[in-house]
Colleague: 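Take this structure first; my questions come after.
All residue numbers in this chain count up from 1 along the given sequence.
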Amino acid sequence: MPSTLLFAIALCASLATGLITGRDDAGVHSLDSEKWTLTNEHGNITVPGAFPSHVHLDLLAAGVIEDPLRGFNDVNLRWVANQNWTYTSGPLNNLTHDEALRTWLVFDGLDTFTTIKFCDKIIASTDNQFRQWKFDVTSEMESCTHTPTLSLNFGSAPKIANMKNASEPQPWSKLLVAAWTFEVPNRNFVRKQQSDFGWDWSPAFTPAGPWKGGRIVQVREKERLQAFNTVVDVYRQGQTNNFAPDQNKPWVVNASIDYIGSLPEDSYIEATIESASADSAILFRGKLEDVQRSTTTISGSIEIGSSTPKLWWPNGMGDQNMYRIDLVVRGANNSSPVLKSSRRFGFRTILLSTGTTSDEEVSSGKQPGTDWHFEINGHQFYVKGGSLVPPDVFWPRANTKQMSDMFDAMQHQNFNMLRVWSSGSYLPDFIYDLADERGILLWSEFQFGDALYPDDEDFIDNVRKEATENVRRVNHHPSLACWAGGNEIENVVLPIAKIADNHNFLLYMGQYEHLYIDTLFRIVAANSRSISYTPSSGNNGWTKIDMNLPVPMVQVYENKTKDYIYGDTEHYNYSADVAFDESSYPVGRFATEFGFQSMPSLETWRTAIEDKDLHFNSSVILSRNHHYPPGGLVADVSKSVKGMEEMTAAVQLYYPLPNKTDPISNFSAWCHATQLFQADFYQSQIQFYRRGSGGKERQRGTLFWQLNDVWQAPSWAALEYGGRWKVLPYYIRRGYQSVVVSTSWNRLSKDLEIWVTSDLWQAVSGQVTMTWVDLQGKPLRDNLRFPGTLSFTVDAIGSTKVHHAALRGPGLPDLDNALLLLSVEAHGRLPNTNATRMFTHEVSFLPTPPKRAKIADPGLRLAHDKASGKFTVEATKSVSLYTWLTHPAGMVGFFEDNAFVLLPGQKREIGFTLQQDKTGGDWIQNVTVNSLWDLNHD
């Protein structure tokens, strides 16, 4: 990454805290640079501490524990989470003793239960990982007779969760305990990252510590204040949440600063809005109007002409135009600034439409029901993306380079949206900054998943503050796509609750509406007019929105009309024998989750386990496979065996069985085979859902599960822990191109359909080429009566069937020795461009399971050209299926293409994007190539 871009990201990250830069920072003392020690509750472990950090990371750095991600350490290190730990600072020498100063402690994140002492006095306690905490310690500072110190005692989250559950009244404690316990129980009583307690892809470290930065702020009353958050809400005049705005109306820019200190009387806000591009063109300079003041917030707004700003667009739809707003607060006497803050933002409208399908849409052929589609700046678009889980089990290790590499991967896979899954954490601003720059919309969720949650007043009040802070914190980012209340609550958890305890089901339904609609929807609407809200990632839509109602969004739930289509879908079917049966896939408006697990590569496994454990069902691999999770703290792998059996069955059904002489090579081949199945399965579903864009359902998006991983283990991830690409992301990259050709195959009737799909905003025309060959690369007679080329036209965001044939009856060749090569060329325009360009896509089709295909050794050759940096792959003997280039360990990057078909005599030049290299360039000599043939041949 260019150093200028890294600087820009770092600058935006500092602006995200709302801190003043330069000399005005004199009253801000970072806790990150202080010396810290970490001590356990027994006093027998004391090591240097970092800030921010987690206890596990400091114990690792001091050599007290091994790498938590190795071997069985997720179980062996449970003792860490079951103790209390204290971080103690050294003397805070830089603080000023002055009666005219007010002193504040500000923590951007404490994980999770903390007792805070300043100058040996207890200041406060915290109970929410997701909140920013600030405490006025002026009196403690004034009475401190020595150089003050700060201590943070972190309580054991597992123990406190158990105590909270024990104090809950019936029926809550009974049902909540039974609600999706993955490993450590009672997670839903704690406002902490839920996957810290274990998930079906995640270990359960339940870490503690100051996971975000902190500082001590000293301000002089009415002379200098300190901003701790700045909100920018950009919307069209008259716009309200969840409804399409009028794109001809002026823009409204509303700016709000949350601050520490006391405002002078009649304070006002001056604003400068300028382009964040090189031209730095001034869009506005002057005072904000309609200024509102409170003891903690000052806000104001202006209007800007409808077509004046350059718009921000997602990846593939236009430029990511950004602006910067500089805010200065002064007193009525026009004195020196008492408060300054800046934000980078963009002009765009984003709508998630989940209301009733309009009569106009129904009359045009759309099936009635409710919607689930997104609109950017007034344009419907097709969503292409996946779901993000935390980048690491220990958040303090997440960094800009790591996430920049991940956004590289997203862009190269043609993403325009990333779902920020709940039960992880609200993303830090630097990740939203990257999304702003790369044009990746972030579907953002509040942190509730796969459980019912308490409904008592203290819990709801805590959540209200958590949600308010995070809605306000990220609202200025144009990449923010929507807010969802939680994951799988409406269509998964509520039905389970009804079955488990039908007698109290209305109680649970009322709790759902209180938390996810009456509380969270009102918070979004009170702090942003630009963002849509849905109560759950699985949701059937709404029939009415009225903020004057006790429950302001009236949900459909199960009140469905026959032959209507409602909301988004999920699909998980682990019976591999129906994996490619399209009749088993759900028909809906939007595919929010779908997937199947696979093994990571040998190179990734070796970073976590010893070679002696590198066999498919070794005890350590079984322990690390959390599909299916143990459901408690007992180290029982019987459920894990079921998950391993599902991957094994998939390979046995469809692929040549690995049978290599060397056991580690054989293990590697098995891992690779599971990735082939995963990729083929996802491709089948993505093709199906995208074809639905031209069907009556008007399907408008796919977000596969899941993009990344938190450790080295079997999971649904496309990217292995550390950043290595599995087979899947190469399939995603091809399948998410703008114009694609696909097959729809009924393996029972032997009916084959050829489709072309486009997500462009205007109709496109072109030609499909269809070529049948045998697996030695020779053309099949009469091309199996398929036309060599066919012309087509596809409507905007639509799909059309271009050919149908029955591969049955006399006269057909052996289908175990047949391969269909499909390619498409289409002329069209990308959104917001005038130039016509060519869109191409290639895909292949085997009418038989790959294990039955009559393949032979393709005689692959691999060469590297130093001048171009590209690799050349050639098949010299026969067709090479699933041609796969592997780069060695010690570096991270991805090939331009992979897992492709090569005909004999065909050469392919493949580039490589290098992201990290610890080999000194030696990796180039160790790139290898293989194919389906090599799964069971040495």
Side-chain angles (χ1 to χ4, degrees), residues 582 680 683-684 687-688 690-691 694 731 734-735 737-747 749-758 760 763-795 798-828 836-848 850 853-856 858 873-883 897 899-909:
E582 292 180 358
D680 281 336
Q683 175 178 265
S684 178
Q687 290 177 346
F688 174 81
R690 288 198 65 180
R691 287 198 297 269
Y731 276 54
R734 295 193 288 260
Q737 290 178 219
S738 290
V739 182
V740 296
V741 59
S742 66
T743 57
S744 177
W745 171 241
N746 187 318
R747 64 176 179 172
S749 68
K750 305 299 182 183
D751 283 300
L752 177 65
E753 296 175 352
I754 312 297
W755 288 75
V756 176
T757 302
S758 170
L760 300 175
V764 295
S765 299
Q767 284 191 326
V768 171
T769 300
M770 298 178 283
T771 304
W772 281 98
V773 298
D774 64 21
L775 293 175
Q776 291 69 52
K778 298 175 182 178
L780 291 179
R781 189 179 63 184
D782 297 329
N783 205 34
L784 295 194
R785 298 187 296 274
F786 276 58
T789 60
L790 280 174
S791 298
F792 67 86
T793 298
V794 184
D795 291 336
S799 192
T800 186
K801 181 169 65 176
V802 298
H803 188 65
H804 171 265
L807 300 183
R808 59 180 182 269
L812 283 176
D814 181 3
L815 293 182
D816 290 344
N817 190 27
L819 175 70
L820 175 60
L821 304 173
L822 294 165
S823 64
V824 62
E825 290 186 353
H827 293 275
T836 299
R837 55 160 286 187
M838 176 78 76
F839 294 88
T840 62
H841 177 246
E842 295 181 353
V843 72
S844 62
F845 167 72
L846 280 173
T848 191
K854 294 181 178 179
I855 57 175
V873 187
E874 180 183 8
T876 63
K877 297 180 180 179
S878 66
V879 173
S880 175
L881 299 179
Y882 301 94
T883 310
D897 197 9
F900 49 82
V901 171
L902 272 180
L903 298 182
Q906 183 181 8
K907 294 182 178 181
R908 286 282 301 274
E909 281 192 341

Colleague: Just wondering, do Val843 and Val740 contact through their side chains at under 4.5 Å, heavy atoms?
Modeller: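 Contact flag for Val740/Val843 side chains = no.
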
Colleague: Would you confirm whether Arg690, through its side chain, and Gly735, through its main-chain N or O, come within 3.5 Å as a donor-acceptor pair?
Modeller: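 Yes, Arg690 side chain to Gly735 backbone: donor-acceptor pair under 3.5 Å.
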
Colleague: Taking only Lys NZ, Arg NE, NH1 and NH2, and the carboxylate oxygens of Asp or Glu, determine whether Glu582 and Arg691 approach each other closer than 4.0 Å.
Modeller: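 Salt bridge flag = yes for Arg691 with Glu582.
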
Colleague: Is the backbone of Thr840 close enough, under 3.5 Å, to the side chain of Gln737 for a donor and an acceptor to pair up by distance?
Modeller: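 It does hold such a pair.
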
Colleague: With a 4.5 Å limit on heavy-atom distance, are the side chains of Pro813 and Trp772 in contact?
Modeller: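 A side-chain contact is absent here, since even the closest heavy-atom pair is not under 4.5 Å.
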
Colleague: For residues 900-908, tabulate all N or O donor-acceptor pairs below 3.5 Å that involve a side-chain atom, not counting sequence neighbours.
Modeller:
| residue | atom | partner | partner atom | Å |
| --- | --- | --- | --- | --- |
| Gln906 | OE1 | Leu903 | N | 2.8 |
| Arg908 | NH2 | Asp897 | OD2 | 2.8 |

Colleague: Start with the C-alpha gap between Ser765 and Thr793, add the side-chain angles, then the distance that decides, and say whether side-chain hydrogen bond (donor to acceptor under 3.5 Å, both in side chains) holds.
Modeller: CA-CA 4 Å; Ser765 299; Thr793 298; 2.9 Å; yes

Colleague: Under 6.0 Å from the CD atom of Glu753, do we count more than 12 heavy atoms belonging to anything else shown?
Modeller: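 For Glu753, atom CD is crowded (more than 12 foreign heavy atoms under 6.0 Å).
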
Colleague: Restricting to side-chain hydrogen bond (donor to acceptor under 3.5 Å, both in side chains), what partner residues turn up for Thr771, sequence neighbours left out?
Modeller: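 Per chain and number, Thr771 pairs via side-chain hydrogen bond (donor to acceptor under 3.5 Å, both in side chains) with no residue.
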
Colleague: What residue among Asp816, Asp814, Asp774 forms side-chain hydrogen bond (donor to acceptor under 3.5 Å, both in side chains) with Lys854?
Modeller: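 Checked Asp816, Asp814, Asp774 against Lys854; only one passes side-chain hydrogen bond (donor to acceptor under 3.5 Å, both in side chains): Asp814.
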
Colleague: Checking His841 side chain against Val741 main chain: does a donor-acceptor pair fall under 3.5 Å?
Modeller: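 Yes; judged by distance alone, with no hydrogens or angles, the pair exists.
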
Colleague: Examine distances only and state if a side-chain atom of Asp795 and a backbone atom of Gly694 form a donor-acceptor pair shorter than 3.5 Å.
Modeller: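 It does not hold such a pair.
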
Colleague: Around Arg781, counting heavy atoms of other residues, nucleotides and ligands shown, do more than 12 lie under 6.0 Å from its CZ?
Modeller: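 12 or below, so no.
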
